[in-house]
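Numbered from 1 within each chain, the chains take letters A, B, ... in sequence-line order.
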Amino acid sequence: MNPNTQLVLYNTISRQKEAFEPINAPFVGMYVCGPTVYGDVHLGNCRTFVSFDLINRYLLHLGYKVRYVRNITDAGHLEGDRDEGDDKFSKKARIEQLEPMEIVQRYTIGFHDIMRMFNALPPSIEPTATGHISEQIEMVREIIGKGYAYEVNGSVYFDVEKYSRQYNYTILTNRQMDDLLAGTRDLGGQDEKRGRLDFALWIKAKPEHIMRWPSPWGVGFPGWHIECSAMSSKYLGDQFDIHGGGMDLAATHHTNEIAQSQACNHTQPAKYWLHTNMLTVNGTRMSKSAGNGFLPQELFTGDHPLLKRGYSPMTVRFFMLQAHYRSTLDFSNEALDASEKGFKRLMNAYDLLGKLKTSNTSDFDIEDLRARCYTAMSDDFNSPILIAELFEAARIINTVYDGKGAIDEKNLSSLKELMSNFILDVLGLKEETCQTDDLGQLMDFIISLRLDAKNNKDYATSDKIRNALSKIGIQLKDGKEGTTWSK
RNA sequence: GGCCACAUGACCGAGCGGUGAGGUGGAGGUCUGCAAAACCUUUUACGGCGGUUCAAAUCCGCCUGUGGCCUCCA
C-alpha cells in the first residue's frame, strides 16, 4: 500500500469531502443498510451493495481492520400512508401461501446468491431485525425514558417536534422544519401521532397480523427505523466510523436513525455518512414502484424486454465501477456493450502479464502509475479514474507483449502486483472464463491441427476451424508467438 | 407546490480555475494468407445568456431542461 495518500471521503452530513480518520484506527466500523427481503433484489439495489463492496475492499486493502455490518430487514416495515395495513412479509406470504419466515428465507438466500455472483465480499456481521427484537424494545424504552417518545394505545411514537427543539433534526438533508411540515398531510382524527412528523418506534399488531412480538406496550412489531439504530450500536458501539446506504434513505430513514441515537445516547451514531446514487433507466430511477426495475438474473440471461441480450455478472460489476458511486448511472444496452468490451480488454491484458519477457532497460515507470492509482481511490473512492489508469497499464502490457516496448524485472514485478491488487482485490473483478485443463489441452490440439493446415496453405480448412470455434464463442488470435484463444 | 441535485463529444462516463481522463463506436495505418486481437494516428466536447478573472466545462447570477426527496424503496 501507499502510505502517502490520505483517504478523503464525501460526508453527507457536512456536504464536503473530509479526511478519513477512524475513531479507533486501525479498526473501522461500517454499517450499511441492507435489503428488505420480501422480494428479489433488483439491479438498483445491487449497485449500492457493489459500491459499498468497493469501499470495504479499499479500506481492507489500505490495511484497516473493518467490521462491516449490513442488516437484513425481515420485519416490521409497513406499507401505506398511515402506518396502516399489513406488513410486507405477511402480505407477500398470503399471496404466495407461505409463512412469513419462508419468504424471508427464500429472498435472503436469493440475495446472497446474487451478491456472490457479483463477487461481493460478505459483511462481517449480517444481523436480522427479527433476531434483535429485544434490543429494539430496549432502545425504545430508553427513548421513552429520555422523554423523546410516547405511547398511545400500544404503539410508541418518536416526538420529532420536541427533539427538533434541542437537536438539528434535518442535519443530514439541511431542510427547514417548516418546509418539512408543509410537505406532510393533515393528521386524520384517528391518527395517534401528536405531531405530523412523528414516526413509529413500535406498532401495535392487529389481530390478523402474523409477525408479532410481546413488548411492554403489548403485542406488536418494531417501526421502520429502530432496527438499524439498535443493531448498529450493538455491534459497532454508540459511535462508529461509517454509516452508508442509498441516497433515497437519507431524508427519512437515516434522519430518523440519527434522531433515535441522539435521543437515546446523545451522540451522533456515525462520523461519516456515505450515500450512493441511484441507477436509472432512461433517466428515471429504477424502483419497485416505477416498475422499471429488472432483476440481476434477467440481466445475466437477457430475458427482459429492455434487454437486447445478456451480460455477465462481471461485465455488470465493471459497468457499475466505471461510474462514481455518488453519480447516477444510466443503464442502456449500448453502455453495457461498451463495458463488456472494455472489461475483456482489461482482463486480457492481465492474462498477458505472465507471458511478458523482461529486458535490462525499462521504457515504463510503474511507480508513477501506482501512485496515480492510489490517488484516484483515495479521492472518495474514484473507481472510474482508477480504471482509466488500469487501461494505461493494459496499454503498457500489450506494448511489451507486442515487442514494441521494454520492461525490466523490477517494473514488471511491480506491474504484476499493481494489477493484482487493484483489479482483483480492490475492484473485486475476476476471470469468468473457466479454462479447465481439459479444455486447454483440447484447444492446444485443435490449434496444432489448424497450424498444419495453414502450413499446407490449406486456408479453407484453417478458416473452417476458426469459424466453427467462433460460433461456439471461442476466438482464435494468430500472433507472432503462435495462436492464442479466448472465450 | 417546497427543498435539493445534475446538464460533458455518436454513446457511457471522469474532471470542478490554467497540460486533449478513460472505455465503446467511427475513420486511416502497422501486423496478418485473410481475419481477430494488439499497437499507432485521427474524431478536441462541456445546455443558453450574462458576470468575476490575465485565464472558466470548472466560480457567481438568471433562464431552460432532466432527475431525486417530500409516501415503501438501495
(request) With sequence neighbours excluded, tell me which residues meet side-chain contact (heavy atoms from CB on, under 4.5 Å) with A/Ala393. (result)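 Per chain and number, A/Ala393 pairs via side-chain contact (heavy atoms from CB on, under 4.5 Å) with A/Leu369, A/Leu415, A/Leu418, A/Met419.
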(message) Here's a test for you: under salt bridge (Lys or Arg N to Asp or Glu O under 4.0 Å), which of A/Glu392, A/Glu389, A/Glu367 qualifies with A/Arg372?
(response) A/Glu389
How is [X] classified with respect to the nucleic acid when contacts are heavy atoms under 4.0 Å: base, sugar-phosphate, or nothing?
X: A/Gly34; answer: sugar-phosphate
X: A/Leu476; answer: base
X: A/His275; answer: nothing
X: A/Ala335; answer: sugar-phosphate
X: A/Gly245; answer: sugar-phosphate

(request) With sequence neighbours left out, write down each residue that passes salt bridge (charged side-chain N to carboxylate O under 4.0 Å, His left out) with A/Arg212, or none if nothing qualifies. (result) none
Tabulate atom names and distances for all N/O pairs under 3.5 angstrom spanning the protein and nucleotides 37-40 of chain B.
{"residue": "B/A38", "atom": "O3'", "partner": "A/Asn398", "partner atom": "ND2", "Å": "3.0"}
{"residue": "B/A38", "atom": "O2'", "partner": "A/Asp402", "partner atom": "OD2", "Å": "2.8"}
{"residue": "B/C39", "atom": "OP1", "partner": "A/Arg345", "partner atom": "NH1", "Å": "3.1"}
{"residue": "B/C39", "atom": "OP1", "partner": "A/Asn398", "partner atom": "ND2", "Å": "3.0"}
{"residue": "B/C39", "atom": "OP2", "partner": "A/Arg345", "partner atom": "NH1", "Å": "3.0"}
{"residue": "B/C40", "atom": "OP1", "partner": "A/Arg395", "partner atom": "NE", "Å": "2.7"}

(message) My validator wants the stems of RNA chain B: runs of 3 or more consecutive Watson-Crick or G-U pairs, both distances under 3.5 Å, written as range with range.
(response)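 For RNA chain B the paired stretches long enough to count as stems (3 pairs minimum) are B:1-7 with B:64-70, B:10-12 with B:22-24, B:25-30 with B:38-43, B:47-51 with B:59-63.
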(request) Specify the residues of residues 46-54 of chain A, ordered by number, for which at least one heavy atom lies under 4.0 angstrom from an atom of RNA chain B. (result) A/Thr48
(message) Quick check: any donor-acceptor pair below 3.5 Å linking the side-chain of A/Arg326 to the base of B/C6?
(response)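 Checked by distance alone, the answer is no.
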(request) Please state whether the base of B/G33 and the side chain of A/Asp463 form at least one donor-acceptor pair under 3.5 Å? (result) yes
(request) State which of B/A14, B/A74, B/C12 makes the closest approach to the side chain of A/Pro384. (result)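 For the A/Pro384 side chain, the nearest candidate turns out to be B/A14.
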(message) At less than 4.0 Å, is any side-chain N or O atom of A/Ser462 found next to OP1 or OP2 of B/G33? Yes or no.
(response)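 No, because none of the side-chain N or O atoms of A/Ser462 sits under 4.0 Å from OP1 or OP2 of B/G33.
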(request) Report yes if a side-chain nitrogen or oxygen of A/Ser470 is closer than 4.0 Å to either non-bridging phosphate oxygen (OP1 or OP2) of B/A36; otherwise report no. (result)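 For B/A36, neither OP1 nor OP2 has a side-chain N or O of A/Ser470 closer than 4.0 Å.
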(message) According to side-chain hydrogen bond (donor to acceptor under 3.5 Å, both in side chains), who are the partners of A/Lys464, at least two apart in sequence or on a separate chain?
(response)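 Listed in chain order: nothing, the list is empty.
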